[in-house]
**Q** 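I have a structure here, written as structure tokens, and I will follow up with some questions on it.
Counting starts at 1 for both ligands and their atoms, following the listed order.
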Amino acid sequence: QFQMIRHEELECLESLGQGSFTRVFLGRKKGLRDGEGYVTNVLLKVLDSNHKNCWESFFEAASLMSQISHKHLIHVYGISVHQSNNIMVQEFVKFGALDLYLKRGHSVSVSWKLEVAKQLACALIFLEEKNIVHGNICAKNLLLAREGDQTSGNSPFIKLSDPGISLVMLGQDVLMDRIPWVAPEVLEDPEHLELDVDKWSFGTTLWEIFSGGKVPLQGLDLHQKLQFYKKGHWLPRPDWTELADLICQCMNYQPELRPSCRTIIRQLNGLITSDYEILHAAGTSLN
Ligand SMILES: N#Cc1ccc(Nc2nc(N)cc(-n3cnc(CCO)c3)n2)cc1
């Protein structure tokens, strides 16, 4: 279900970061297109050699993303297995991970943030319709293909990355470290993932987008993170009431009470036309 890529076609360049049990590198992929040789930039996701036991899960994630295609899902070219290297080759997305983009202090408008949230919700609707649980929705896994800017007014464009190693394989410590992105019920039973887990993570990602890339619960150790869930706590509410309400609805400790993706889209559209957005839009164009 996906292409096997020969290691001779790949060139690994600088490291761009890391995920759970993986490292990501900028790479080049040589190929032939109607007889013409060409080279493209690619993203190489390499499974850590000390987690080789996760290779099935690693490639399952690659396989999932290569079997479905959607404009807001990352494109996976294929995999390359050579000596002890397990590599997923995916499209290189120009502006990288959204969490870093927001941390770098790019001042983005409220409508920019809402557009990104809407695109993520569209990707979730697509996955929900295929009854596919992603399991790792977060700003770090949202890649910015187009910046969009105030002047030309064209909007940003994001692509959701693959989920990586499945939650089942990650072990309790990694799951606890993923608080507050991982839904509370996952810590109880990581084997039975329902679609609702992605709605919880959507709420956390919404919080990230509107908090300028701040890391939620930064500085808390695993025990304190676990207590956060045990006590049914919520993240600090943004001052925009309707947004805060949507985040809290998504981050409902009772999975069945979380809104459907369609309801999420409807509420996002409501935010777009709300006075807060208009006021803020006016604010940015005034200064
Ligand atoms: N400066 C800079 C810069 C860095 C990276 C990219 N591009 C890109 N494309 C992808 N497909 C995936 C990622 N990526 C980055 N971190 C992760 C780990 C979390 O998934 C994945 N980055 C573009 C510009």
**Q** Distance to 0.1 Å, residue and atom name: give those for the protein heavy atom nearest to atom 17 (C) of ligand 1.
**A** Val24 CG2, 3.8 Å
**Q** Is the shortest distance from a Lys or Arg side-chain nitrogen in Lys29 or Glu8 to a carboxylate oxygen in the other one below 4.0 Å?
**A** no
**Q** Going by side-chain heavy atoms closer than 4.5 Å, which hydrophobic residues are tied to Tyr77, directly or by a chain of links?
**A** Ile5, Leu10, Phe25, Val42, Leu44, Val46, Ile87, Val89
**Q** Counting N and O atoms only, with roles assigned by atom type, does the side chain of Ser201 sit under 3.5 Å from a partner on the main chain of Trp181, one being a donor and the other an acceptor?
**A** yes
**Q** Would you say Gln67 and Ser63 are linked by a side-chain donor-acceptor pair, where the criterion is simply a distance under 3.5 Å?
**A** yes
**Q** Side chain or backbone of Ile74 under 4.0 Å from ligand 1, or both, or neither, by non-hydrogen atoms?
**A** side chain
**Q** What residue and heavy atom of the protein are closest to atom 14 (N) of ligand 1, and at what distance?
**A** Leu143 CD2, 3.8 Å
**Q** Looking at atom 9 (N) of ligand 1, what's its closest protein heavy atom, distance included?
**A** Val93 N, 3.1 Å
**Q** Between His72 and Phe157, does the ring centre distance come in under 6.0 Å?
**A** yes
**Q** To the nearest 0.1 Å, how far is atom 3 (C) of ligand 1 from its closest protein heavy atom, and which atom is that?
**A** Gly96 CA, 4.3 Å
**Q** Do any N/O atoms on Lys94 end up under 3.5 angstrom from N/O atoms on ligand 1?
**A** no
**Q** Could you tell me whether Ser161 and ligand 1 have an N or O pair separated by under 3.5 Å?
**A** no
**Q** Is it true that Val116 and Leu100 fall in one hydrophobic cluster, defined by side-chain heavy atoms closer than 4.5 Å?
**A** no
**Q** May I have the step-by-step check of side chain to side chain donor-acceptor pair (under 3.5 Å) for Glu147 and Tyr101, ending in yes or no?
**A** CA-CA 10 Å; Glu147 274 188 300; Tyr101 186 83; 2.8 Å; yes
**Q** At a non-hydrogen distance cut-off of under 4.0 Å, which region of Lys159 contacts ligand 1 (side chain, backbone, both, or neither)?
**A** neither
**Q** Treating Trp234 as the side-chain partner and Met251 as the backbone partner, does any N or O pair qualify as donor plus acceptor under 3.5 Å?
**A** yes
**Q** Just need the protein heavy atom nearest to atom 2 (C) of ligand 1, so name the residue and atom and give the distance.
**A** Arg104 NH2, 4.5 Å
**Q** Does the Thr263 side chain pair with the main chain of Pro259, one donor and one acceptor, at a distance under 3.5 Å?
**A** no
**Q** Closest non-hydrogen protein atom to atom 10 (C) of ligand 1, residue and atom name please, with distance?
**A** Leu43 CG, 3.3 Å
**Q** Could you tell me, atom by atom, which parts of ligand 1 come under 4.0 Å of a heavy atom of Leu16?
**A** 4 (C), 5 (C)
**Q** Side chain or backbone, does Asn141 bring an N or O within less than 3.5 Å of an N or O on ligand 1?
**A** yes
**Q** Looking at Lys140, which atoms of ligand 1 are within less than 4.0 Å of one of its heavy atoms?
**A** 19 (C), 20 (O)
